[in-house]
Amino acid sequence: MIVEERVYVLHTEVNVKEYFRIYESEGLPVQREILGGFLGYFTTEIGTQNQLVHFWAYSDLEERRRRRALLAEQPAWQGCLAKIRPMIRTMENRILLPTSFSPLPGSVVGATP
């Protein structure tokens, strides 16, 4: 299992509630269906402001590649991106490998679409 950490920093003039309104109603449903393995979406209280961090679990890098390719083909996802991308100042992602003692249930990866 791998975990992808994605970190976005929004432009300072962006209303975070508006970003989440669009993402939660238009983007997240498509991602959950295709990517599976949604672990959570977080905001920072202390540290970098306007920062959003979300985590996705996959069985391996090939599954991640395949699922993200399927996501990119979805018109609903592309429509959401057209609205939220201009709000994002920076994007970063990392692939994390859980330790054998990490308390992640095996069911978070989800079924293969």
Pair Tyr19, Glu24: side-chain N/O donor-acceptor within cut-off below 3.5 Å: no
Close aromatic pair by centroid cut-off 6.0 Å: His54 and Tyr8: yes
Heavy-atom closest pair, residues Pro29 and Tyr23: CD-O, 4.2 Å
Residue pair Val3 / Met1: nearest heavy atoms and the distance that separates them: CG2-CE, 4.2 Å
Pairs involving residues 77-91, ordered by first then second residue, that meet side chain to side chain donor-acceptor pair (under 3.5 Å) (sequence neighbours left out): Glu26-Lys83
Who are the side-chain contact (heavy atoms from CB on, under 4.5 Å) partners of [X], not counting sequence neighbours?
X: Gln49; value: none
X: Phe42; value: Phe55
X: Thr48; value: Val9, Gln51
X: Arg21; value: Glu18

What I'd like to find out is whether the side chain of [X] reaches to under 4.5 Å of the side chain of [Y], using heavy atoms alone.
X: Leu52; Y: Val7; result: no
X: Ile95; Y: Tyr58; result: no
X: Ile34; Y: Arg68; result: no

Under the salt bridge (Lys or Arg N to Asp or Glu O under 4.0 Å) test, residues paired with Glu5 that sit two or more places apart: Arg94
Under 3.5 Å donor-acceptor, Glu63 side chain and Ser59 backbone: yes
Heavy-atom neighbours of Glu45 CD exceed 12 at 6.0 Å: no
Distance, nearest 0.5 Å, that separates CG of Asn50 from CD1 of Ile88: 12.0 Å
